[in-house]
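Report on one structure; see the data block that follows.
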Amino acid sequence: MKLGKLISSIEKKFPKNLQYDWDNSGLNIGYEEKDINRILTTLEITDDTVDEAIENDVDLIISHHPFLFSKINKIVDTDTKGRLVIKLIENNIAVYCMHTNYDIAFGGLNDYFLEVMGIENCGVLDPISSHDDYENGKMFGLGRIGKLEETTTIEKFIIALKERLKINTIRFVGKNINNSVKNIAVVTGSGAEYFEMVASSNIDVLVTGDMKYHQAVDAYELGVNVLDLGHYGTEYIFSDAMKKYIDEEIGGMEVQVSTKMLNPFIEC
């Protein structure tokens with residue numbers, strides 16, 4: 001399949017224009033007439049994932065985080081990003097990124113998170129806007145509200161998250177880990193600032209990543225329960241989600257989930 005045709009198929013479901021203005025989702029490297037037979041999905045593009053793509057004769061890397069984000073003044077092999085750009089181009093590997101548009105889109109990462117956890121999806125946490133040509137003008141936005149099938153405790157919910165997501169560490173902010181949980185909010189990636197919105201709702205716990213110390217103190221004082229799974233812990237499932245989508249909805253290409261995704265934090 002031509003890259004341009006593949007992108008068109010993906011963007012019908014996950015429109016690029018849903019992304020925030022500061023973002024850089026879309027085709028970062030490549031040309032739309034390129035034939036795509038083999039795809040690698042990953043959270044982040046690093047030396048290891050690029051080498052993995054080369055070793056497996058991959059034509060296209062689809063990553064969640066934009067590869068080209070900050071301003072680049074030169075492309076040289078003495079610079080980390082420049083070296084990867086050169087390596088990708090020399091090996092004819094295209095790069096397509098799906099960041100905040102995929103976080104926001106219906107059927108995107110926040111919805112997939114609830115699906116993985118088997119939690120009922122009750123809608124958008126933070127409605128942003130609507131487009132007449134997207135989902136019949138339905139309001140879209142960041143984060144999702146979910147409802148557990150049965151009321152449980154925060155402690156038991158943490159155990160379930162660890163098991164389903166295959167992560168070892170979750171940071172809890174709150175006054176009682178034995179408090180009941182039925183209604184949750186999830187914001188994959190960096191969504192800790194949503195604790196203030198959750199404080200004025202009937203949400204029992206906010207699930208997100210990247211909570212800072214002062215945010216945690218304020219959330220604690222407001223009586224908001226927060227589970228910080230880390231940025232990686234809430235988003236690495238992007239790779240599985242995109243493989244599933246392409247396999248089931250597009251087809252005709254081999255899709256591999258990266259085995260070299262980087263969680264830069266080591267649990268000691």
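In this chain, numbering begins with 1 at the start of the sequence shown.
- Separation of atoms NZ (Lys13) and CD1 (Ile250) is listed at 11.5 Å; rounding is to 0.5 Å.
- Smallest separation of non-hydrogen atoms from Asn24 and Cys97: O-CB, 4.4 Å.
- Between atom OH of residue Tyr236 and atom CG of residue Leu229 there is a gap of 9.5 Å, rounded to the nearest 0.5 Å.
- Within 6.0 Å of NZ in Lys156 there are 12 or fewer heavy atoms belonging to other residues, nucleotides or ligands.
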Exercise for the section: Kindly determine whether Val226 and Val224 satisfy side-chain contact (heavy atoms from CB on, under 4.5 Å), including the steps that lead there. Expected result: CA-CA 6 Å; Val226 182; Val224 178; 4.0 Å; yes
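- Using a 4.5 Å cut-off on side-chain heavy atoms (C-beta onward), Leu142 and Tyr20 make contact.
- Surrounding CZ of Phe69 are more than 12 heavy atoms belonging to other residues, nucleotides or ligands, all under 6.0 Å away.
- Taking the side chain as every heavy atom from C-beta outward, Ile184 and Ile119 approach each other to under 4.5 Å.
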Exercise for the section: Report the C-alpha separation of Glu52 and Ser258 in whole Å, then their side-chain angles, then the decisive distance to 0.1 Å, and conclude whether the side chain to side chain donor-acceptor pair (under 3.5 Å) test is met. Expected result: CA-CA 8 Å; Glu52 181 182 20; Ser258 175; 2.6 Å; yes
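- Under the rule for a side-chain hydrogen bond (donor to acceptor under 3.5 Å, both in side chains), the partners of Asn121 that lie at least two apart in sequence or sit in another chain are Asp111.
- Atoms CG and OG1, on Leu88 and Thr49 in that order, are 8.0 Å from each other to the nearest 0.5 Å.
- Because its NZ or CZ atom is both nearer than 6.0 Å to the ring centre of Phe67 and within 45° of the ring axis, Lys81 counts as a cation-pi partner of that residue.
- Rounded to the nearest 0.5 angstrom, Ser190 OG and Asp210 CG are separated by 3.5 Å.
- Within the model, atoms CG of Asp35 and CG of Leu6 stand 11.5 Å from one another, a figure rounded to the nearest 0.5 Å.
- Inter-residue side-chain proximity for Glu32 and Leu27 is flagged as met; some heavy-atom pair is nearer than 4.5 Å.
- The backbone N or O of Gly123 lies less than 3.5 Å from no partner atom in the side chain of Arg144, so there is not a single donor-acceptor pair.
- Residue Lys12 places its NZ atom among 12 or fewer non-hydrogen atoms of other residues, nucleotides or ligands, all under 6.0 Å distant.
- Ring-centre distance between Tyr112 and Tyr245: not below the 6.0 Å cut-off.
- Annotation: Phe140 is not in aromatic contact with Phe106 [ring centroid separation under 6.0 Å not met].
- The minimum heavy-atom distance between Thr234 and Ile237, with the atom names listed, is O-CG1, 4.0 Å.
- Considering only residues two or more places apart in sequence or on other chains, Ala94 meets the side-chain contact (heavy atoms from CB on, under 4.5 Å) condition with Leu3, Lys34, Leu60.
- Other residues, nucleotides and ligands place no more than 12 heavy atoms under 6.0 Å from the CG atom of Asn136.
- Going from atom SG of Cys122 over to atom CG of Leu125 covers 11.5 Å, rounded to the nearest 0.5 Å.
- When all heavy atoms are compared, the tightest approach of Met117 to Leu165 is SD-CG, 4.2 Å.
- Counting only heavy atoms from C-beta outward, the side chains of Val173 and Asn225 never approach each other to under 4.5 Å.
- Annotation for Met139 and Ile128: closest pair CE-C, 4.0 Å, computed over non-hydrogen atoms.
- Within 6.0 Å of CD on Glu267 lie more than 12 heavy atoms contributed by other residues, nucleotides or ligands.
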Exercise for the section: Kindly determine whether Lys260 and Asp47 satisfy salt bridge (Lys or Arg N to Asp or Glu O under 4.0 Å), including the steps that lead there. Expected result: CA-CA 9 Å; Lys260 304 292 186 180; Asp47 264 317; over 6 Å; no
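- Taking the six-membered ring where the residue is Trp, the centroids of His65 and His231 are separated by under 6.0 Å.
- For the pair Met211 and Phe195, the minimum side-chain heavy-atom distance is below 4.5 Å.
- No side-chain heavy atom of Asn37 sits less than 4.5 Å from a side-chain heavy atom of Glu254.
- Using a 4.5 Å heavy-atom cutoff, the side chains of Val205 and Phe172 are not in contact.
- Between Arg38 and Val58, the shortest heavy-atom contact is O-CG1, 3.6 Å.
- In this structure, Glu44 and Met261 have side chains that are not in contact, with every pair of non-hydrogen atoms separated by 4.5 Å or more.
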Practice task
Begin with the C-alpha distance, continue with both residues' side-chain angles, and end with the deciding distance and a verdict on side-chain contact (heavy atoms from CB on, under 4.5 Å) for Met242 and Tyr96.
Solution key: CA-CA 12 Å; Met242 279 311 299; Tyr96 183 79; over 6 Å; no
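- Closest non-hydrogen pair, Ala53 versus Ile93, comes out as CB-CD1, 3.9 Å.
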